[in-house]
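Both backbone and side-chain heavy atoms feed into the values below; hydrogens, waters and symmetry mates do not.
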There are 2 protein chains.
Amino acid sequence: MALNDYNKEDKVLLALDCIIFGFDHEGLKILLIKRDFEPERGKWSLIGGFLKEEETLDQAAIRVLHRLTGLDNIFMEQLYTFSKIDRDPVERTLSVAYYALIDIASHDEKLIQKFSAKWFSLKELPNLIFDHDQMLEKAIARLRRRARSKPIGFELLPEKFTMPQLQKLYESILDEKLDKRNFISRVNALKILIKLDQKDMQVSKKGAYLYRFDEKKYHQKVLEGFSFKI
Amino acid sequence: MALNDYNKEDKVLLALDCIIFGFDHEGLKILLIKRDFEPERGKWSLIGGFLKEEETLDQAAIRVLHRLTGLDNIFMEQLYTFSKIDRDPVERTLSVAYYALIDIASHDEKLIQKFSAKWFSLKELPNLIFDHDQMLEKAIARLRRRARSKPIGFELLPEKFTMPQLQKLYESILDEKLDKRNFISRVNALKILIKLDQKDMQVSKKGAYLYRFDEKKYHQKVLEGFSFKI
DNA sequence: GATAAAAGTGTAAATTTAACACTTTAAAGG
DNA sequence: CCTTTAAAGTGTTAAATTTACACTTTTATC
């Protein structure tokens with residue numbers, strides 16, 4: 001009986017790298033850690049680690065992210081598997097990139113202090129190791145495509161947020177200015193926001209009304225396959 | 001010096017599976033092969049094989065496809081990496097799925113004869129091994145998204161084709177009927193087709209004019225970031 | 001009480017999308 | 001050769017969506 005001989009096949013190291021996008025009043029950022037081991041010790045890197053034999057990629061991504069940043073309960077999505085021959089100088093390693101969107105303010109403290117992780121503005125990135133810049137590029141492209149086709153505020157904003165904040169989020173993802181009135185009417189047309197009787201007085205003198213997502217309506221819309229075109 | 005010990009990390013088998021979409025007068029199909037080895041010998045399977053240490057995933061996909069079908073010069077795109085623990089019953093194996101679009105007529109002969117590969121209509125698929133049905137599902141979803149956002153006729157049609165053919169291609173990808181007049185005017189608005197002075201008399205009594213893609217204009221449009229909404 | 005800085009608000013024109021039916025052509029069959 | 005048949009080809013109108021655009025309100029600060 002011809003059993004395919006799995007033993008003859010090569011095994012490889014499989015790494016994971018997490019691209020964590022965050023948003024705060026300054027704009028869109030990503031989370032990097034300072035490597036404390038060779039190669040490239042001391043350089044900034046995506047949050048990465050190796051897959052263990054007995055876990056799925058999704059599980060590994062969660063584990064790696066948690067171990068290096070303390071972050072928990074983050075929904076990550078698989079992006080792409082990178083396989084250039086010499087991408088890791090030590091040994092042949094492939095890496096599966098994952099990405100996630102989070103609100104910086106509601107996770108901040110733990111991170112920056114305990115771990116050597118730090119948020120970087122997309123405009124002021126340090127050099128990244130290996131092929132991490134390519135990973136980031138692909139992640140940004142995906143994020144933009146997503147932002148143009150479905151609302152993504154959910155993950156990146158705090159529970160309560162203002163319209164100007166939501167607009168700034170979109171502007172910083174898409175890297176273009178949007179018209180205030182058109183933006184608002186498009187968002188309102190979706191009917192997935194609830195306007196609160198509260199204002200945020202932090203940013204402007206006049207203050208801006210706070211909103212929150214109506215999760216139920218949002219999920220219903222998702223099922224109906226709605227689209228959000230910006 | 002703390003060199004991360006790569007030796008302590010697990011290595012895994014990394015497979016590839018190719019989802020080859022084809023199109024002919026009968027509609028959209030995929031290419032499957034009959035496995036001639038255990039496990040699951042005799043069952044139908046996507047075109048798959050293992051990554052070798054010294055090649056990239058793209059290279060491996062090309063090699064595997066060529067070895068099992070004789071197909072050459074096929075542009076494949078990476079889809080997703082599947083990692084369920086028991087997806088392969090023999091040994092822990094992850095698999096990177098690739099997909100491609102080809103015109104059945106211009107590749108047919110070699111395939112079906114020399115290799116035990118066969119085209120299957122999407123509507124009449126046999127049971128697939130492992131998690132290949134999930135791979136296919138994801139590939140179809142991607143193909144539909146692509147079809148709605150950019151013209152994809154290029155790869156799936158012969159060099160010369162008719163409007164009804166192009167429309168049938170779209171209808172079979174999207175699995176919905178489209179309005180003939182609206183479809184044609186949308187396609188024409190792109191200005192990437194050249195109408196030839198020839199008719200195809202095979203299909204209908206009246207005959208249908210043949211067209212071909214204007215590759216230059218197409219690529220220019222791609223650069224401009226045009227969109228094709230159906 | 002004047003000033004400054006951001007929030008908030010509506011309309012009209014232009015463009016795009018969707019719905020819809022009859023005529024033309026040539027092969028096939030009587 | 002006349003009739004039938006089956007698919008190709010062709011435009012218009014109404015509806016919906018998208019875009020462009022400017023002034024008023026509010027409140028903190030000086």
Could you measure the distance from the OH atom of A:Tyr80 to the OH atom of A:Tyr98? Nearest 0.5 Å is fine.
15.0 Å
From CZ of B:Phe183 across to P of D:dG9 the rounded distance in Å is 13 Å
Give, for atom CG of A:Leu166 and atom CG of A:Leu178, the distance between the pair rounded to the nearest 0.5 Å.
10.0 Å
From the list C:dA18, C:dG10, D:dA22, which nucleotide is the closest neighbour of the side chain of A:Asn182?
C:dG10
Interatomic distance, CD1@B:Ile33 vs CG@B:Leu68, rounded to 0.5 Å, equals 4.5 Å
Flag the pair B:Phe213 / B:Ile192 as yes when at least one side-chain heavy-atom distance between them is below 4.5 Å, and no otherwise.
yes
Length of the line joining B:Lys177:NZ and C:dC20:C1', which is rounded to integer Å
17 Å
Here the distance between atom P of D:dT25 and atom NZ of A:Lys180, to the nearest Å, is 14 Å
Report the distance from atom CG of A:Leu178 to atom P of D:dT19, rounded to the nearest whole Å.
11 Å
With a 4.0 Å cutoff (strictly under), does any side-chain N or O of B:Arg186 reach OP1 or OP2 of C:dA18?
yes
Could you check which residues of residues 189-207 of chain A get a heavy atom under 4.0 Å from DNA chain C? Sort them by number, please.
A:Lys195, A:Ser204, A:Lys205, A:Lys206, A:Gly207
In this structure, how many angstroms lie between the C1' atom of C:dA6 and the CD1 atom of A:Ile184, rounded?
12 Å
If you go through the side-chain atoms of B:Asp179, does one of them form a donor-acceptor pair with the base of C:dA18 closer than 3.5 Å?
no
If you assign each of B:Ser185 and A:Arg181 to its closest nucleotide in DNA chain D, which residue comes earlier from the 5' end?
B:Ser185
Tell me the interatomic distance from A:Leu166, atom CG, to C:dA7, atom P, rounded to whole angstroms.
13 Å
Is any side-chain N of the basic residue among B:Arg186 and B:Asp179 closer than 4.0 Å to the acidic one's carboxylate O?
no
Shortest non-hydrogen separation from A:Ile173 to A:Arg144 and the atoms involved:
O-NE, 2.7 Å
How many Å lie between CD on A:Glu176 and C1' on D:dT19, as a whole number?
13 Å
Would you call B:Asn127 and B:Lys43 a side-chain contact if the rule is heavy atoms closer than 4.5 Å?
no
